[in-house]
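Everything numeric in this text was worked out from a predicted model, so none of it was measured.
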Amino acid sequence: MDNLKFVVEALLFASEKPLAFSRIKDVIGDGVSPGDVKKCVDELNSAYKSNGHSFAISEVAGGYQLRTLPEYHPHLKKLYERRNEGILSNAALETLSIIAYKQPITRAEIDSIRGVDSSAIVRGLMEKKLIRITGRAEVLGRPLLYGTSNNFLELLGLSSIKDLPKIEEVK
C-alpha cells in the first residue's frame, strides 16, 4: 500500500484513544506488519519534527497516539480548564500509587499500607477508570484484586506499567 503512512496518520488523527497494532491491522487489512506501522510512525515523527509541528506520535498504553508536545501543555490546560474535575486528592494519589506499584493488590492490603479505610477512594478511582478489577485473590473470602487500567497508562503517557519510575528513583 503506497499511502500506508498517510492511512496510519489519518487513523491516529481520528482516534481519541491509543490504537494498538491489532486495531490498525483490523482497519487496514492483512499485509501490514508491526514493522510497517513502526516505520510509518518513525517517518511521520521525523517529518513532524523537521517541520516544527506541535505534536508527535507516542507509544502509550499498548498503542500509538498523536499527542501534543509537553511545551504546549500550559496552553492546552487553559483551553480545557474545568473546576477540579480532573484533580485527584492526596489520598487518591497515594492510593493510586500504592496500586500502581503493588498490583495486583486487595483493598485490605491497600488499607493496611495506608492505615485507613480506602473503600471510597478505590471506588472513585474505579469511576474515573484509572484502576480496574484484575481478578480475585486465592485466599479466604477471595477478595477482589485491583490494578491500573489503560486509562492510567494513557494519562501518564506510559507504554506499560514497567515504564513507571523505580521507587528508588522517586526518593
Identify each donor-acceptor pair in which a side-chain atom of residues 96-106 lies under 3.5 Å from a protein atom, sequence neighbours left out, and give them as a table.
| from | atom 1 | to | atom 2 | distance (Å) |
| --- | --- | --- | --- | --- |
| S97 | OG | L93 | O | 2.9 |
| Y101 | OH | P165 | O | 2.5 |
| Q103 | OE1 | T148 | N | 2.9 |
| Q103 | OE1 | T148 | OG1 | 3.4 |
| Q103 | NE2 | A100 | O | 3.1 |
| Q103 | NE2 | T148 | OG1 | 3.0 |
| T106 | OG1 | E109 | N | 3.1 |
| T106 | OG1 | E109 | OE1 | 3.2 |

Salt bridge (Lys or Arg N to Asp or Glu O under 4.0 Å) partners of [X], counting only residues at least two apart:
X    : value
K17  : E154
R23  : none
D26  : none
K129 : none

Do [X] and [Y] sit in one hydrophobic cluster, given that two such residues count as connected whenever their side-chain heavy atoms are within less than 4.5 Å of each other, even indirectly?
X    : Y    : answer
I131 : L145 : no
L12  : V37  : yes
V8   : V27  : yes
V122 : V139 : no
L130 : L153 : yes

Point to revise | Pairs satisfying salt bridge (Lys or Arg N to Asp or Glu O under 4.0 Å), at least one member in residues 60-69, at least two apart | key: none
Exercise for review: Could you walk me through whether L4 and K39 pass the side-chain contact (heavy atoms from CB on, under 4.5 Å) test, one step at a time?
Suggested key: CA-CA 10 Å; L4 179 62; K39 182 180 177 196; over 6 Å; no
Sub-4.5 Å side-chain heavy-atom contact between [X] and [Y]:
X    : Y    : result
T95  : L125 : yes
K128 : L88  : yes
Q65  : L19  : no
T68  : H73  : yes

Review point. Which heavy atom in D111 sits nearest to a heavy atom in S118, and how many Å separate them?
Key: OD1-N, 2.8 Å
Study note, to complete from the structure: A92 and I121 have their tightest heavy-atom pair at CA-CG2, 3.6 Å
Practice item. Determine, step by step, whether D117 and S119 satisfy the side-chain hydrogen bond (donor to acceptor under 3.5 Å, both in side chains) criterion, reporting the C-alpha distance in whole Å, the side-chain angles of both residues, the deciding distance to 0.1 Å, and the verdict. Key: CA-CA 6 Å; D117 178 48; S119 56; 2.9 Å; yes
Check your understanding: Is a donor on one side and an acceptor on the other found under 3.5 Å between the side chain of N45 and the backbone of I57?
Key -> yes
Check your understanding: Please, which pairs that meet side chain to side chain donor-acceptor pair (under 3.5 Å) have at least one residue in residues 131-143, sequence neighbours excluded?
Key -> E138-R142
Exercise for review: Can you sort out the partners of K38 under side chain to side chain contact (heavy atoms under 4.5 Å, CB included), two or more places apart, ordered by chain and number?
Suggested key: D42, Y64
Can you tell me how far the [atom1] atom of [X] sits from the [atom2] atom of [Y], to the nearest 0.5 Å?
X   : Y   : atom1 : atom2 : answer
S46 : N51 : OG    : CG    : 10.5 Å
L44 : K5  : CG    : NZ    : 6.0 Å
L11 : C40 : CG    : SG    : 10.5 Å
F21 : D36 : CZ    : CG    : 7.5 Å

Study note, to complete from the structure: Besides L69, the hydrophobic cluster formed by Ile, Leu, Val, Met, Phe, Trp and Tyr side chains linked at under 4.5 Å, directly or via other members, contains Y72
Report all side-chain donor-acceptor pairs from residues 155-164 shorter than 3.5 Å, counting only partners two or more places apart or in another chain.
| from | atom 1 | to | atom 2 | distance (Å) |
| --- | --- | --- | --- | --- |
| S160 | OG | K162 | N | 3.2 |
| D163 | OD2 | S159 | N | 3.1 |
| D163 | OD2 | S160 | N | 3.2 |

Exercise for review: Determine, step by step, whether V32 and I24 satisfy the side-chain contact (heavy atoms from CB on, under 4.5 Å) criterion, reporting the C-alpha distance in whole Å, the side-chain angles of both residues, the deciding distance to 0.1 Å, and the verdict.
Suggested key: CA-CA 9 Å; V32 63; I24 293 170; 5.6 Å; no
**Study point:** By side-chain hydrogen bond (donor to acceptor under 3.5 Å, both in side chains) - contacts of N150 (at least two apart)
**Key:** none
Practice item. Not counting sequence neighbours, which residues clear ring pair (Phe, Tyr, Trp, His ring centres under 6.0 Å) with H53? List them please. Key: Y48, F55
